[in-house]
Number of protein chains: 2
Amino acid sequence: MKISELVETSGVPLPTVKYYLREGLLPPGRSTGRTRAEYGDEHVHRLAVIRALIEVVGLSVQQVRTILALIETAPRSPAELFDVLGRAVGTLTDASQPAPAEDYPRARAALERLGQLYDPRYAAVAQLERALAAAEAAGVPATPERIDVYGAAMRQVAQFDLEEIPEEPAAAVEYAVVGTAVHGPVLAALRRLAHQDLAAQRLGITGAE
Amino acid sequence: MKISELVETSGVPLPTVKYYLREGLLPPGRSTGRTRAEYGDEHVHRLAVIRALIEVVGLSVQQVRTILALIETAPRSPAELFDVLGRAVGTLTDASQPAPAEDYPRARAALERLGQLYDPRYAAVAQLERALAAAEAAGVPATPERIDVYGAAMRQVAQFDLEEIPEEPAAAVEYAVVGTAVHGPVLAALRRLAHQDLAAQRLGITGAE
DNA sequence: TGCGCTGGATAGTACCGCTATCCAATACTG
DNA sequence: CAGTATTGGATAGCGGTACTATCCAGCGCA
């Protein structure tokens, strides 16, 4: 497949494809002559993943690069898979604020309440702390009851997520990382639709107006 | 409170406060002389909300402006509250892609499966469609079983969210809109922490290492 | 043989969220 | 009442990001 065909099938403009190549998001094609290179289905797929992560999940090019690099690594053990996943999840959280704290009191309280492990080195712990602090400052603090409900719901979601991860280690990383990321917006949309559905029910609004 | 005091108590730099005033995110203070104005606690609170929406939720200044404008409106009936909330939720979804379609097949299938109302005019429906399409293109499609699990979990979350909305109409809008937005990152963080907790359990990893 | 695509490089653009500077008017301070 | 600091208001600049455009020489294909 020539680059022009890759552009056509993927729908991504040529300058953008070149940009992704430059930035190392897209691996170069197999060179066949000094001004020719051959691209394959994996390039089409990779482009779809890149666009999903950037456009739908809203990640930066830098974050996508990190995640794609992690996907390339084939874990040699379940523990290594776990480690790679942890680092991938870490890059999902916007790292604009380094938040180099060593204790996250709100997150710790929440996790203890949920009976989950509190380890301040997890990036998601810092993210939780920031979110809880912001909610508090904005006047809509997350009460313990809210934490209970949210925690239980997310546990069900996570349970399902883990079950769906394929056994085969190489596929597992990509599936888990990309899946976690792109299913996030699905969850957010479903939450909003549930709001609207429940509110409509409550108001006795039956259908479109 | 002078503007310098507002800057001090809020922690937001003076140029940024001026910027928010210019952009209409922060209402002007009560003018007391041609070069003086008086700010109150509501300005401090407003700044906290703005920072939470921009820094933690990741909204654009334009989105924040729209949402704050909606908050100002005092609904006169539950139906109007519902309408305002719907529009607020609409602005939460990134509007970079207009997606002016009139049918969203993936979203419709998902909502029918969940027994929820499908109305293509809801912004969240378009968002769901985009997320499902991206997941599909990226090779991690949301299966019907996943939709079931996610839908049920989000329904529990939404149920709780609605219960917590105060009766008083003026407070209700702000609470519902800001709460929906800032609790989103809390949910995302809890999902990732649930992943890690369950994965650690499964691997027999008991603590930090 | 010539036309056009290709890889590669470099430069430019558009937007966003601030941030900095300047100014004149005015308020407080001694 | 003089002097200094602060304020509102306006304008301009900055730094980052994600592209987008242009140019070029060298092929490859017809």
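Residue numbers start from 1 in every chain, and the chains themselves are labelled A, B, ... in the order their sequence lines are given, proteins ahead of strands. What you see is a predicted model, and the numbers here were worked out from it, not measured in a lab.
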Exam field: side chain A:H183 to backbone A:T180, donor-acceptor pair closer than 3.5 Å: no
d(CG, B:L21; P, D:dG9) in whole Å: 9 Å
Terminal helix-axis angle for the helix from C:dT1-D:dA30 to C:dG30-D:dC1, with five pairs defining each axis and rounding to 10 degrees: 0°
Atom-pair distance (CG on B:L14; P on D:dG9), nearest Å: 13 Å
Pairing residues for B:Y122 by the ring pair (Phe, Tyr, Trp, His ring centres under 6.0 Å) criterion, not counting sequence neighbours: none
Residues in side chain to side chain contact (heavy atoms under 4.5 Å, CB included) contact with B:T35, at least two apart in sequence or another chain: none
Contact list for DNA chain C against residues 36-43 of chain A - heavy-atom distance below 4.0 Å: A:R36, A:A37, A:Y39
Distance-only side-chain donor-acceptor flag, A:R130 / A:Q127, under 3.5 Å: no
Integer-rounded Å distance: D:dT7 P and B:E8 CD: 11 Å
Side chain A:H43, main chain A:P27, donor-acceptor under 3.5 Å: yes
Under the side chain to side chain contact (heavy atoms under 4.5 Å, CB included) test, residues paired with A:A107 that sit two or more places apart: A:Y104, A:V125, A:L128, A:E129
Set of salt bridge (Lys or Arg N to Asp or Glu O under 4.0 Å) partners for A:R191, sequence neighbours left out: B:D161
Lys/Arg N to Asp/Glu carboxylate O, B:R65 vs B:E72, below 4.0 Å: no
Between C:dC16 (C1') and B:L53 (CG): distance, integer Å: 17 Å
Return the polar atom pairs (N/O with N/O) between nucleotides 12-22 of chain D and the protein under 3.5 Å, or none.
residue, atom, partner, partner atom, Å
D:dA18, OP1, A:V61, N, 3.4
D:dA18, OP2, A:V61, N, 3.4
D:dC19, OP2, A:Y20, OH, 3.2
D:dT20, OP2, A:T16, OG1, 3.2
D:dT20, O4, A:R22, NH2, 2.9

Contact list for DNA chain D against residues 23-35 of chain B - heavy-atom distance below 4.0 Å: B:T35
Pairing residues for B:R87 by the salt bridge (Lys or Arg N to Asp or Glu O under 4.0 Å) criterion, not counting sequence neighbours: B:D83
Expected output: side-chain A:E174 to main-chain A:A171 donor-acceptor under 3.5 Å: no
Rounded distance (Å) that lies between atom P of C:dC28 and atom NZ of B:K2: 8 Å
All side chain to side chain contact (heavy atoms under 4.5 Å, CB included) counterparts of A:P13, not counting sequence neighbours: A:P15, A:T16
Atom pair distance, as rounded to whole Å: CD in A:E5 and P in C:dC5: 12 Å
Salt bridge (Lys or Arg N to Asp or Glu O under 4.0 Å) against A:E136, all qualifying residues, sequence neighbours excluded: A:R106
Pairing residues for B:D41 by the salt bridge (Lys or Arg N to Asp or Glu O under 4.0 Å) criterion, not counting sequence neighbours: none
